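Quick caveat: nothing in here was measured; it's all calculated off a predicted structure.
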Amino acid sequence: MSNAVKVAERLLAHAKLCRHIAEQSWNEETARKLDALAEECTQAAAALLPGDKSESLH
């Protein structure tokens, strides 16, 4: 497994965790920030693995 794939998997794991915490948060501002961070992680993972490869990591 290449380093890019490893990093992408970790970014997607962080995104999933951020989304889960955001869903459980009572603070709307914190939830928005976590959702934004999750989106950034997802985009960074996709940039590491152009094409459909990032989708297979979900």
Side-chain angles (χ1 to χ4, degrees):
M1 181 180 305
S2 73
N3 285 337
V5 171
K6 289 178 186 177
V7 172
E9 285 180 342
R10 289 181 184 199
L11 284 166
L12 292 173
H14 284 287
K16 183 176 179 179
L17 182 59
C18 286
R19 285 191 180 100
H20 178 71
I21 295 169
E23 290 172 1
Q24 303 301 314
S25 178
W26 292 0
N27 185 307
E28 290 181 19
E29 181 180 349
T30 298
R32 280 192 299 273
K33 288 179 182 179
L34 286 166
D35 279 332
L37 183 57
E39 184 58 31
E40 289 177 22
C41 288
T42 302
Q43 289 177 3
L48 285 172
L49 302 172
D52 292 335
K53 293 179 184 177
S54 64
E55 291 177 10
S56 65
L57 296 175
H58 287 262

Working to the nearest 0.5 Å, report the span between CG of L12 and OG1 of T42. 6.0 Å
Can V5 be reached from L11 by stepping across I, L, V, M, F, W or Y side chains whose heavy atoms are under 4.5 Å apart? yes
Here the pair of heavy atoms bringing A45 nearest to A8 is CB-O, 3.8 Å
Residues forming a salt bridge (charged side-chain N to carboxylate O under 4.0 Å, His left out) with K33, sequence neighbours excluded: E29
Nonpolar side-chain network containing I21, other nodes, edges under 4.5 Å: L17, L34
Any pair counted as salt bridge (charged side-chain N to carboxylate O under 4.0 Å, His left out), so long as it reaches residues 35-50, sequence neighbours left out: R19-E39
